[in-house]
2 protein chains.
Amino acid sequence: MQLRRGDVLGGAIAILDEYGLGDLTMRRLATSLGVQPGALYWHFPNKQTLLAAITDEMLARVSAPLDAQDWDARLATYAHRMRDALLAHRDGAELAAASYSARLATNDARDTLARACVEAGLPDDESELAADTLLYYILGQTMDEQSRMQMDSHGALVEDASPLYDSTSGTARFDYGLSLFVDGVRSRLRAAVRD
Amino acid sequence: MQLRRGDVLGGAIAILDEYGLGDLTMRRLATSLGVQPGALYWHFPNKQTLLAAITDEMLARVSAPLDAQDWDARLATYAHRMRDALLAHRDGAELAAASYSARLATNDARDTLARACVEAGLPDDESELAADTLLYYILGQTMDEQSRMQMDSHGALVEDASPLYDSTSGTARFDYGLSLFVDGVRSRLRAAVRD
DNA sequence: ACCTGAACACCGTTCAAGT
DNA sequence: ACCTGAACACCGTTCAAGT
């Protein structure tokens, strides 16, 4: 029963979901697969690359085709898909942020966001910048949401300075920032029309 | 010549600037201070807390008073101050993101952004959410900028898919996303007036 | 082609004991 | 009060050698 690349990936995701990113070590992964640590390096050149592969796996479905709609609804749907994909795995947002930061993620989520901005009517160069802006927001907000979940689950019922923090659901918080972004794009479009 | 808390902080910042966050280890820091690793734990309970202290030091000045201006100019100035503060130290944005994520940063940069949103005319609860949105953007964009700098310095002149990436300066890229945010806030203000 | 065994060069943290 | 010495329990990665 030989080890396949997919087995390594699957084992890594299993550890991620059960114990979190901090406990996802090459040694622990090797043990869970019944193999020596060095064996993993035949399938992945290093840990960073393995983590990036998990990120790509996580985000593989966000770029799937969408029912035709208004550009703002499309943009919002892509953003929500991405958030949902990150939320589906423990520390998913932190993992994705690390992979993007290391420039090892090869999924097309960013391109999809950029394309949606082009379809909205933004110039190509602005669309790239807008996509990055939205991407940073999604990663940051979702990271925050997941670290909050982690704190809650660890029995720390520290009441926040702002009571709104607890009462406002993660989705509502997410939607607020998202609407700020979409409104920003909208006013850029209007400005372009006036010229 | 006793070791003071400030010496540890200063030594850590020196290593950060010269070798980066990855090489800022407790052991290396101890060596550079001519002390045993364990000595550091008399001054800081753990590494995370030390890193958060660096973050607070870095961002201490962004909340300083501002010349009275329009709310949008004030918001932009705070955002630029924060970016500049992060850019002033190698891996500054990554460090700050980690400290915020661990909820150990005690500086009032976030509160300052929220207050600026209140002054703009946003309700208190929306201002908190808007401040977070802006904060994630600043951290994400600046992290990206610094990791790009790192790649460039490491002789990797890989041409990007988009030639705009290279030609658009970091400041211009930053200003684009910032204007998206400010325009988003502006349209939220207009929506409130109409009600 | 795929993996083991074993090492290399590190980590953060703790804590009795010293001064 | 402040630090040393020394350990504990780990890391990621490499690579000759095995099958």
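Here is the naming used below: chain letters follow the sequence lines, and residue numbers restart at 1 for every chain. Computed from a prediction, not measured in an experiment: that's the story for all the values here.
- One finds no side-chain N or O of A:H43 lying less than 4.0 angstrom from the OP1 or OP2 phosphate oxygen of C:dA1.
- Taken together through direct or relayed side-chain contacts under 4.5 Å among Ile, Leu, Val, Met, Phe, Trp and Tyr, B:L86 and B:L9 form part of one hydrophobic cluster.
- No more than 12 heavy-atom neighbours from other residues, nucleotides or ligands sit within 6.0 angstrom of CD on B:Q48.
- One interatomic measurement links the two molecules: CD of A:Q2 to P of C:dC2, which rounds to 5 Å at whole-angstrom precision.
- Nucleotides D:dA9 and C:dC10 are separated by 22 Å at their P atoms, to the nearest Å.
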Q) Just by protein heavy atoms under 4.0 Å, how would nucleotides 12-19 of chain C read 5' to 3' in B, S and -? A) BBB-----
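- Under the 4.5 Å side-chain heavy-atom criterion for grouping Ile, Leu, Val, Met, Phe, Trp and Tyr, B:V8 is not connected to B:W42 through any hydrophobic cluster.
- By the rule that hydrophobic residues join a cluster once side-chain heavy atoms approach within less than 4.5 Å of another member, B:Y19 and B:L95 end up as members of one cluster.
- Contact check, B:Q36 against D:dG5: a side-chain N or O comes under 4.0 Å of OP1 or OP2.
- By the ring pair (Phe, Tyr, Trp, His ring centres under 6.0 Å) test, B:Y137 pairs with B:F174, sequence neighbours left out.
- Stems are defined here as 3 or more consecutive Watson-Crick or G-U wobble pairs with pairing distances under 3.5 Å; those involving DNA chain D are C:4-8 with D:12-16, C:12-16 with D:4-8.
- Between B:M143 and A:S101 there is a side-chain heavy-atom pair separated by less than 4.5 Å.
- No donor-acceptor contact under 3.5 angstrom links the side chains of B:D144 and B:S147, judged on distance only.
- Residues A:N107 and A:Y100 have side chains that bring a donor and an acceptor to within less than 3.5 angstrom of each other.
- Rounded to a whole Å, the CZ atom of A:R4 is 9 Å from the P atom of C:dC2.
- B:R5 places its CZ atom 14 Å from the P atom of D:dC3, with the value rounded to the nearest Å.
- One can place CG of A:D23 at 21 Å from P of C:dC11, the figure rounded to the nearest angstrom.
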